[in-house]
Amino acid sequence: MTGRLAVGVLGCADIARRRVLPALAAHPDVDLVAVASRDAARAARTAGEFGCRPVTGYAALLADEAVQAVYVPLPAALHAAWVEAALRAGKHVHAEKPLTTDPARTRELLRLARDRRLALTENVMFVHHARHAVVRDLVAAGAIGKLRSFHASFAIPEPPEGDIRWSAALGGGSLWDVGLYPVRAAVHLLGTDLEVLGASLTTGPGREVDGAGAVLLRTAAGVTAQLTFGMRHAYRNRYELWGSAGHLTVDRAFTPPADLATEIRVETAEGTRTVTVDPDDQVANTVTAFVRAVREGTAPTADCLAQADLLAELHRAASNGPARRPGTGDRDR
């Protein structure tokens, strides 16, 4: 691909309007050309905000030959069908997380994209922030000694009645929404070889999906990961790496503002020091990564697949008893 990438958007979700559409519109290598909605008035309002063309209906946008790529911010349960439709229409795809709620389906879509030489990426933005690379470097350099455990949490106050996160039919629930963040952080910082030791999901009164959860994982080397998440909590957003000689803490780990200089706190017997990371725009970085995937014809998939396997295994472990190691069982047949 040469020149600017012509991108259309399937849907007018809140995250699209607040974060991704502004990043697409501002990116020097992207032309935001169209926004589609099933509601013509909503498409017109959203497109008007970003100086692009409104389209009524998702299929109509996919039929538009001027659109080279699409961003899919639909509810999780709708991702698989519309990502597949977009790929079959010859479009590169950047989809909201989770890519699907079924690891077998995720594999199918990644294979389809590869076979058609199209980019398919998942919108997990925090992994594109510079500070997580700094964290990796500090741990590799022995700043906290030998790594022993990882703790991560992401929780938000209760969404209002009628929010799609409370809908089972739309792929709601705390695991798929906020739980994905600490799970992906464990994969990102500890690697893809993670065993599920246990998981718990709690469904509140009158709810059809889980509102909170907790997870215990272990690497092959014996490093444990304790993850907590929920949608009925005071806000919390952090992770900690604990080693033989100290620990390292990252606050506002998953959603830092683009203009915020972030801090990594390192505590050892010698005292506490703070490593400051310059402001970094993880949303813009994510768009850049997608454009690069389109241009180079490749996109990393290992972390996406490990995350998909873990989320499905955690759901199974919490629902049906003892967990199994990811990669085993009927779902991969």
Side-chain angles (χ1 to χ4, degrees), residues 5-25 27 30-39 42-43 46-47 50 52-103 105-114 116 118-125 127-128 164-165 167 169-172 176-177 180 184 283-284 286-294 299-301 304-305 307-308 311:
L5 181 66
V7 177
V9 180
L10 295 185
C12 304
D14 180 63
I15 189 171
R17 297 194 311 275
R18 286 189 302 105
R19 307 197 73 184
V20 182
L21 277 163
L24 289 169
H27 200 281
V30 170
D31 263 335
L32 179 58
V33 296
V35 175
S37 173
R38 293 171 297 181
D39 182 328
R42 193 175 191 198
T46 305
F50 297 98
C52 61
R53 175 166 44 86
V55 176
T56 303
Y58 307 142
L61 188 143
L62 295 183
D64 188 338
E65 294 183 0
V67 175
Q68 298 170 295
V70 295
Y71 164 55
V72 181
L74 300 170
L78 303 181
H79 288 177
W82 284 106
V83 168
E84 179 175 357
L87 292 171
R88 294 195 182 281
K91 315 299 185 188
H92 303 283
V93 180
H94 183 54
E96 263 312 320
K97 60 197 178 303
L99 183 57
T100 80
T101 57
D102 176 358
R105 193 76 170 99
T106 295
R107 283 176 168 80
E108 289 174 4
L109 294 174
L110 290 168
R111 280 195 297 268
L112 179 62
R114 183 181 64 246
R116 291 176 174 252
L118 295 168
L120 172 57
T121 58
E122 183 182 37
N123 193 40
V124 181
M125 293 186 284
V127 300
H128 297 283
I164 63 171
R165 286 170 287 188
S167 169
L170 294 177
W176 303 117
D177 189 75
L180 181 148
R184 183 56 170 267
V283 188
T286 304
V287 175
T288 296
F290 175 56
V291 173
R292 185 185 310 118
V294 171
T301 61
C304 176
L305 289 172
Q307 170 193 288
L311 288 169

Could you go through the side-chain contact (heavy atoms from CB on, under 4.5 Å) check for Val291 and Val30 one step at a time? CA-CA 8 Å; Val291 173; Val30 170; 3.8 Å; yes
Would you sort out whether Val124 and Leu180 count as a side-chain contact (heavy atoms from CB on, under 4.5 Å), showing the intermediate values? CA-CA 9 Å; Val124 181; Leu180 181 148; 4.3 Å; yes
Passing candidate, side chain to side chain contact (heavy atoms under 4.5 Å, CB included) with Val72, options Val9, Leu10, Leu99: Leu10
The side-chain contact (heavy atoms from CB on, under 4.5 Å) partners of Leu170 (sequence neighbours excluded) come to Pro75, Ile164, Ser167
Where do Pro54 and Ala47 come nearest, in terms of heavy atoms and distance? N-CB, 3.6 Å
So, do Tyr58 and Val70 sit near enough that their side-chain heavy atoms are less than 4.5 Å apart? no
Please report the shortest heavy-atom distance between Leu62 and Ala89, naming the atom on each side. O-CB, 3.7 Å
Would you give the length of the straight line joining atom OG1 of Thr301 to atom CZ of Arg107, rounded to the nearest 0.5 angstrom? 9.5 Å
Among pairs that include at least one residue of residues 72-88, which meet salt bridge (charged side-chain N to carboxylate O under 4.0 Å, His left out), considering only residues two or more places apart or in two chains? Glu84-Arg88, Glu84-Arg105
Between the CD atom in Gln307 and the CG atom in Leu311, the distance rounded to the nearest 0.5 Å is 5.5 Å
Would you compute the distance between atom CZ of Arg111 and atom OG1 of Thr106 and round it to the nearest 0.5 angstrom? 10.5 Å
Considering all heavy atoms of both residues, which atom of Ala6 and which atom of Ala66 are nearest to each other, and what is their separation? CB-O, 3.3 Å
Between NE2 of His79 and CD of Glu122, what distance do you get to the nearest 0.5 Å? 9.0 Å
Quick note, salt bridge (charged side-chain N to carboxylate O under 4.0 Å, His left out) partners involving residues 52-70, not counting sequence neighbours, are Arg53-Asp64
Closest heavy-atom contact between Arg17 and Phe50? O-CZ, 3.6 Å
Report the residues that fulfil side-chain contact (heavy atoms from CB on, under 4.5 Å) with Ala284, sequence neighbours left out, ordered by chain and then residue number. Asp281
Residues, nucleotides or ligands: over 12 heavy atoms within 6.0 Å of Arg38 CZ: no
OG1 on Thr121 to CG on Leu110, rounded to 0.5 Å: 10.0 Å
Which heavy atom in Ala80 sits nearest to a heavy atom in Thr100, and how many Å separate them? CB-CG2, 3.9 Å
So salt bridge (charged side-chain N to carboxylate O under 4.0 Å, His left out) across residues 66-79, not counting sequence neighbours, yields none
Give the minimum heavy-atom separation between Gly11 and Leu74, together with the two atoms involved. CA-CD2, 4.2 Å
Is Arg42 reaching over with its side chain to a backbone N or O of Ser37, donor-acceptor style, under 3.5 angstrom? no
Please identify each residue that fulfils side-chain contact (heavy atoms from CB on, under 4.5 Å) with Asn123, with sequence neighbours left out. Val20, Tyr71, His94, Glu96, Met125, Thr286
